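A quick note: this is a predicted structure, and the numbers were derived from the prediction, not measured.
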Amino acid sequence: PSALPERVCLRFVTPTRLQQDGRPVGPATLDGPSLARAIQRRVGLMAAFHGSGTGAIDHATLAQEAGHVRIVSRDLAWRRLFRRSARQKAKQAIGGITGEITLDFGQAPGLREYARWLPATHLGKGTSMGLGQVEVSGE
């Protein structure tokens, strides 16, 4: 994917399920650092399982950069979805955040570099079921 500018628009196409302190993150509670840590976590997992490991990722620097990611604008909503679990024979909630958010990665160039891969990797919980599909564009 091509490089991104400092301000980036993320469009959550399918419900994106993120957690912070063991609780679901909603449209009003989503903040820049939480989203940045989710991006870092996803890239780390992809590198560990499908790449050459996480040795090339500077997690300490990315963690520091995460605190500098700012939300410039948001138009988010919670979309309720359910699925039927054949194994558990129960209905399960799989809803998440949808909509658009504009982020300022001006002081987080490493995370901006990883954010450009989100359309290929998706983000959050349930990506194997198609959740967390994200479109990324420069502002």
Side-chain angles (χ1 to χ4, degrees):
S2 59
L4 295 171
E6 289 184 4
R7 285 201 174 178
V8 176
C9 179
L10 301 182
R11 183 172 163 259
F12 300 111
V13 179
T14 59
T16 302
R17 299 172 58 89
L18 302 175
Q19 287 191 351
Q20 183 176 8
D21 299 326
R23 286 182 250 181
V25 174
T29 58
L30 180 65
D31 61 6
S34 296
L35 187 57
R37 284 190 294 275
I39 293 169
Q40 178 185 358
R41 186 172 34 257
R42 185 68 178 159
V43 169
L45 287 171
M46 297 304 286
F49 291 105
H50 302 289
S52 57
T54 60
I57 299 173
D58 184 357
H59 287 286
T61 300
L62 293 176
Q64 189 176 22
E65 285 185 7
H68 298 293
V69 175
R70 292 185 314 108
I71 295 176
V72 177
S73 67
R74 72 174 76 211
D75 182 17
L76 301 172
W78 185 266
R79 182 162 178 211
R80 292 181 55 172
L81 288 179
F82 296 93
R83 74 175 188 90
R84 177 87 178 147
S85 171
R87 183 174 57 84
Q88 296 176 348
K89 298 188 182 357
K91 189 165 78 168
Q92 297 179 327
I94 60 169
I97 297 170
T98 58
E100 292 186 1
I101 192 167
T102 302
L103 298 171
D104 184 348
F105 284 104
Q107 296 181 8
L111 287 166
R112 181 177 69 226
E113 176 66 21
Y114 289 137
R116 69 189 184 124
W117 292 96
L118 287 177
T121 63
H122 293 207
L123 186 64
K125 185 177 178 183
T127 58
S128 63
M129 295 184 290
L131 298 180
Q133 181 182 356
V134 180
E135 291 177 353
V136 179
S137 61
E139 191 174 71

Answer yes or no: is there a side-chain heavy-atom contact under 4.5 Å between [X] and [Y]?
X: Leu10; Y: Glu100; value: no
X: Tyr114; Y: Leu62; value: yes
X: Gln92; Y: Arg84; value: no
X: Val136; Y: Val134; value: yes
X: Arg112; Y: Glu6; value: yes
X: Thr98; Y: Leu76; value: no
X: Phe105; Y: Leu111; value: yes

For a quick test of your reading: what N or O donor-acceptor pairs under 3.5 Å do the side chains of residues 18-26 make, sequence neighbours left out?
| unit_1 | atom_1 | unit_2 | atom_2 | d |
| --- | --- | --- | --- | --- |
| Gln20 | OE1 | Ser34 | OG | 3.0 |
| Gln20 | NE2 | Ser34 | OG | 3.3 |

What's the separation between atom [atom1] in [X] and atom [atom2] in [Y], rounded to the nearest 0.5 Å?
X: Arg17; Y: Leu81; atom1: CZ; atom2: CG; result: 9.5 Å
X: Lys91; Y: Arg83; atom1: NZ; atom2: CZ; result: 13.0 Å
X: Ile94; Y: Lys125; atom1: CD1; atom2: NZ; result: 10.5 Å
X: Arg11; Y: Asp75; atom1: CZ; atom2: CG; result: 11.0 Å

Which atom pair, heavy atoms only, marks the closest approach of Gly96 to Pro15?
N-CB, 3.4 Å
Please report the closest heavy-atom contact between Arg7 and Val72, naming both atoms and the distance.
NH1-CG1, 3.5 Å
If hydrophobic clusters are built from ILVMFWY residues whose side chains come within less than 4.5 Å, do Val13 and Val8 share one?
no
Shared hydrophobic cluster, Leu118 / Ile57 (ILVMFWY, side-chain heavy atoms < 4.5 Å)
yes
Using the side-chain contact (heavy atoms from CB on, under 4.5 Å) definition, which of the options Leu103, Ile101, Thr102 pairs with Ser73?
Thr102
In a check of side-chain contact (heavy atoms from CB on, under 4.5 Å) between Leu35 and each of Thr16, Leu123, Val69, Ile97, which one passes?
Leu123
Have Thr127 and Arg42 got a donor and an acceptor in their side chains that come within less than 3.5 Å?
yes
So, Arg37 side chain and Gly32 main chain: donor-acceptor pair closer than 3.5 Å or not?
no
If you count every heavy atom of other residues, nucleotides or ligands that lies below 6.0 Å from [X] atom [atom1], does the total exceed 12?
X: Phe82; atom1: CZ; answer: yes
X: Arg80; atom1: CZ; answer: no
X: Arg79; atom1: CZ; answer: no

Among pairs that include at least one residue of residues 61-71, which meet side chain to side chain donor-acceptor pair (under 3.5 Å), considering only residues two or more places apart or in two chains?
Asp58-Thr61, His68-Gln107, Arg70-Asp104
